Amino acid sequence: MAKPVSIEVWNPNGKYRVVSTKPMPGTRWINLLVHQDCRVEICTEKKTILSVQDIIALIGDKCDGVIGQLTEEWGEELFSALSKAGGKAFSNMAVGYNNVDVNAANKYGVAVGNTPGVLTETTAELAASLSLSAARRIVEADEFMRAGLYDGWLPHLFVGNLLKGQTVGVIGAGRIGSAYARMMVEGFKMNLIYYDLYQATRLEKFVTAYAEFLKANGEQPVTWKRASTMDEVLQEADLISLHPVLDKTTYHLVNKERLAKMKKEAILINCSRGPVVDEVALVEHLRQNPMFRVGLDVFEDEPYMKPGLAELKNAIVVPHIASASKWTREGMATLAALNVLGKIKGYPVWFDANRVEQFLNENVPPPAASPSIVNAKALGLPVSKL
């Protein structure tokens, strides 16, 4: 028998039982569920990552839906337990769902939700922050000051990279990659080279228009180029940010051979998925090239870093905080809750998971729909035409 886990309960007499495996930011998501007659149980166990058995204990004998986290492995065992408890809905509080066996969910008829459409700018902003921090060696300089080592200005003290006029490379020019590119082009007047299987027409038009603006004001115009290969980006760019999806084709996309193709003083940013980068090869490359710098928000074996990475001064490492703005995290919680609620209430699936502003507007009731169900087609769920 599974060991009981500690919980916090809202609306104990609610008709539908919804479980959240973690406390989530804000209270709107709770209020929306309670308003629709849900009993909300929030796990308060002092564990960063719950085990499968912990989650089974949370699900219990009757559960209509679960809101989970990307640190949890949702596979056959959990979807079977949820189905036996009468549950038909699960939502990740994340845009990614690499932790979810969607085929297993399909087998048990469980709708799988995620939360795109709310993280774009926040994630791009962190990538931009890491870019600037790495270029200007801000973390190293901060540690230097705090250690009491500063005794006066020196010509060579923490000399870094100027971004203006340099080339930013973007691998994966989807919503987040394009938002990041715009920030770096407009904010720092960088030239752009990007690689994507699909042409980023809107991004190209933006850079072209900005170039015309600069030219009209007597400044050097920026340029853009769509690379024919990823290696072309790695060879030409001074600053490279990774924004691909994670699948078999992108695992260790950046490896020893590709690192060797980059400029010796290049900067590499990864706010996408950890396994996109061969972290062992990266550590060795950083050791051999002290002016090569990286900014990492994600890691190959989270929550662990590969040996040696933490000791390297030319690496900035932060704990998977790309979506960690108050607005975004509260929005993610809201979308995840509404995914579960929508399935419980028999609502259709929203027509565009990337256009979710109406769900996030606190001044009006959200649409009667699930914002994003990744296996809606497999389950034959109706789609809202609103």
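These numbers come from a predicted model, not from an experiment.
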J.: Closest heavy-atom contact between Ala105 and Asn375?
T.: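 Minimum heavy-atom separation between Ala105 and Asn375: CB-ND2, 4.2 Å.
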J.: Charged N to carboxylate O under 4.0 angstrom, Lys215 versus Glu212?
T.: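 Looking at Lys215 and Glu212, the cut-off is not met.
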J.: When you measure from the side chain of Asp64 to the backbone of Gly87, do you find a donor-acceptor pair of N or O atoms at a distance under 3.5 Å?
T.: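 Flag not set: sc Asp64 to bb Gly87 has no pair under 3.5 Å.
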J.: Run the ring-centre check on Trp350 versus Phe359 and record whether the distance is less than 6.0 Å.
T.: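 Ring centres of Phe359 and Trp350 closer than 6.0 Å.
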J.: Could you tell me if the side chain of Val100 sits less than 4.5 Å from the side chain of Phe90, heavy atoms only?
T.: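 With C-beta onward as the side chain, the pair touches.
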J.: When you compare the side chain of Val374 with that of Asn92, does any pair of heavy atoms fall below 4.5 Å?
T.: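 They are not in contact (no side-chain heavy atoms under 4.5 Å apart), so the answer is no.
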J.: Heavy atoms, side chains only, cut-off 4.5 Å: are Leu242 and Ile269 in contact?
T.: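 Counting from C-beta outward, Leu242 and Ile269 never come under 4.5 Å.
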J.: Within this structure, what is the CD-CG distance for the pair Gln36 and Asn11, rounded to the nearest 0.5 Å?
T.: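 So the gap between those two atoms works out to 11.5 Å.
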J.: Go through it in stages, so that I can follow the logic: the residues are Asn161 and Arg293, the test is side-chain hydrogen bond (donor to acceptor under 3.5 Å, both in side chains), and I'd like the CA-CA distance, side-chain angles, deciding distance and then a yes or no.
T.: CA-CA 10 Å; Asn161 297 27; Arg293 293 191 284 280; 2.6 Å; yes
J.: Can you find a heavy atom in the side chain of Asp238 that is under 4.5 Å from one in the side chain of Ile267?
T.: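 Not touching, per the 4.5 Å side-chain cut-off.
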J.: Return the CE to CD1 distance between Met190 and Ile193, rounded to the nearest 0.5 Å.
T.: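 So the CE of Met190 and the CD1 of Ile193 are separated by 12.0 Å.
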J.: Can you see which heavy atom on Val340 is nearest to which on Ile67, and at what distance?
T.: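 The pair with the smallest heavy-atom distance is CG2-CG1, 4.0 Å.
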J.: Under a 3.5 Å threshold, yes or no: a donor from one side chain and an acceptor from the other, between Thr223 and Asn191?
T.: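 Side chains of Thr223 and Asn191: pair found under 3.5 Å.
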J.: With the side chain counted from C-beta on, respond yes when Lys225 and Glu232 share a heavy-atom pair under 4.5 Å apart, and no when they do not.
T.: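 Yes. Closest side-chain heavy atoms under 4.5 Å.
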J.: Under 6.0 Å from the CZ atom of Phe292, do we count more than 12 heavy atoms belonging to anything else shown?
T.: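 Yes, because the 6.0 Å sphere around CZ of Phe292 holds more than 12 heavy atoms from other groups.
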J.: Report the distance from atom CG of Leu239 to atom CE of Met262, rounding to the nearest 0.5 Å.
T.: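 Rounded to the nearest 0.5 Å, the CG-CE separation comes to 8.5 Å.
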J.: Pick one: which of Ile42, Val66, Val5 meets side chain to side chain contact (heavy atoms under 4.5 Å, CB included) with Leu58?
T.: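 Running side chain to side chain contact (heavy atoms under 4.5 Å, CB included) over Ile42, Val66, Val5 with Leu58 returns exactly one hit, Val5.
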J.: Write down the atom of Ala89, the atom of Lys343, and the distance for their closest heavy-atom approach.
T.: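 Looking at all heavy atoms of both residues, the shortest contact is CB-CB, 3.7 Å.
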J.: Taking the side chain as every heavy atom from C-beta outward, state whether Val276 and Pro244 have any pair of such atoms under 4.5 Å apart.
T.: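 When only atoms from C-beta onward are counted, Pro244 and Val276 do touch, with a gap below 4.5 Å.
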J.: Give the C-alpha distance, both sets of side-chain angles, the deciding distance and a yes or no for side chain to side chain contact (heavy atoms under 4.5 Å, CB included) between Val294 and Leu286.
T.: CA-CA 8 Å; Val294 298; Leu286 288 165; 3.8 Å; yes
J.: With a 6.0 Å cut-off (strictly less than), is the heavy-atom count around CG of Asp61, excluding the residue itself, greater than 12?
T.: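 No, CG of Asp61 has 12 or fewer neighbouring heavy atoms, counting only those of other groups under 6.0 Å.
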J.: Examine distances only and state if a side-chain atom of Asn114 and a backbone atom of Val95 form a donor-acceptor pair shorter than 3.5 Å.
T.: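 Yes: the side chain of Asn114 pairs with the backbone of Val95.
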J.: Below 4.0 angstrom, N of the basic side chain to O of the carboxylate: do Glu219 and Lys189 qualify?
T.: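 Yes, Glu219 and Lys189 are salt-bridged.
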J.: Taking all non-hydrogen atoms of both residues into account, name the closest pair between Ala179 and Ala124 and its distance.
T.: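 Nearest pair, atom of Ala179 first, then Ala124: CB-CB, 3.8 Å.
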J.: Run the salt bridge (Lys or Arg N to Asp or Glu O under 4.0 Å) check on Glu41 and Arg17 step by step: do they pass?
T.: CA-CA 8 Å; Glu41 296 187 12; Arg17 181 171 177 261; 2.8 Å; yes
J.: If I take atom OG from residue Ser51 and atom CD from residue Glu73, how far apart are they, to the nearest 0.5 angstrom?
T.: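 Answer rounded to 0.5 Å: 12.5 Å.
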J.: Rounded to the nearest 0.5 Å, how far apart are OG of Ser241 and CG of Leu126?
T.: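 One finds 9.5 Å between OG of Ser241 and CG of Leu126.
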J.: Between the side chains of Thr21 and Glu72, does any donor sit under 3.5 Å from an acceptor?
T.: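 Distance-only check passes for Thr21 and Glu72.
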J.: Are any of the side-chain nitrogens in Lys47 or Asp54 under 4.0 Å away from the carboxylate oxygens of its partner?
T.: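 Salt bridge flag = yes for Asp54 with Lys47.
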J.: Report, as yes or no, whether the 6.0 Å neighbourhood of atom CZ on Arg202 holds more than 12 heavy atoms from other residues, nucleotides or ligands.
T.: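 Result for CZ/Arg202: open.
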J.: Counting only heavy atoms not in Arg258, do more than 12 sit closer than 6.0 Å to its CZ atom?
T.: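 Yes, because the 6.0 Å sphere around CZ of Arg258 holds more than 12 heavy atoms from other groups.
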J.: Under 3.5 Å, is there a donor-acceptor pair between the Arg175 and Asn354 side chains?
T.: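 Judged by distance alone, the side chains do pair up.
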J.: Heavy atoms only: give me the nearest Val34-Val40 pair and the separation to one decimal.
T.: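 The answer is CG2-CG2, 4.2 Å.
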J.: What's the separation between atom NZ in Lys107 and atom CD in Glu76, rounded to the nearest 0.5 Å?
T.: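 Reported value, rounded in 0.5 Å steps: 3.5 Å.
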J.: Just say parallel, tilted or perpendicular for the rings of Trp224 and Tyr194, cut-offs at 30° and 60°.
T.: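 Trp224 vs Tyr194 ring planes: tilted.
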J.: Just checking Phe158 against Phe144, ring centres under 6.0 Å apart?
T.: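 For Phe158 and Phe144, the ring centres are under 6.0 Å apart.
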J.: Got more than 12 heavy atoms from elsewhere within 6.0 Å of CZ, Arg226?
T.: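 More than 12 within 6.0 Å, yes.
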J.: Surrounding CD of Glu204 (heavy atoms of other residues, nucleotides or ligands, distance under 6.0 Å), is the total greater than 12?
T.: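 Enclosed.
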J.: More than 12 foreign heavy atoms under 6.0 Å from NZ of Lys62: is that the case here?
T.: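 Buried by this count: over 12 neighbours within 6.0 Å.
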J.: Judged by modelled atom types alone, do Asn98 and Arg273 share a side-chain donor-acceptor pair under 3.5 Å?
T.: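 Looking only at side-chain atoms, Arg273 and Asn98 do form a donor-acceptor pair, the distance falling under 3.5 Å.
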J.: Do Asp142 and Val139 have side chains that approach each other closer than 4.5 Å (heavy atoms only, starting at C-beta)?
T.: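 No, their side chains stay 4.5 Å or more apart.
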J.: Pair Arg146, Glu143 - check salt bridge (Lys or Arg N to Asp or Glu O under 4.0 Å), show working.
T.: CA-CA 5 Å; Arg146 293 176 190 275; Glu143 292 174 348; over 6 Å; no
J.: For the side chain of Ser178 and the backbone of Leu203, is there at least one donor-acceptor N/O pair under 3.5 Å apart?
T.: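 Absent.
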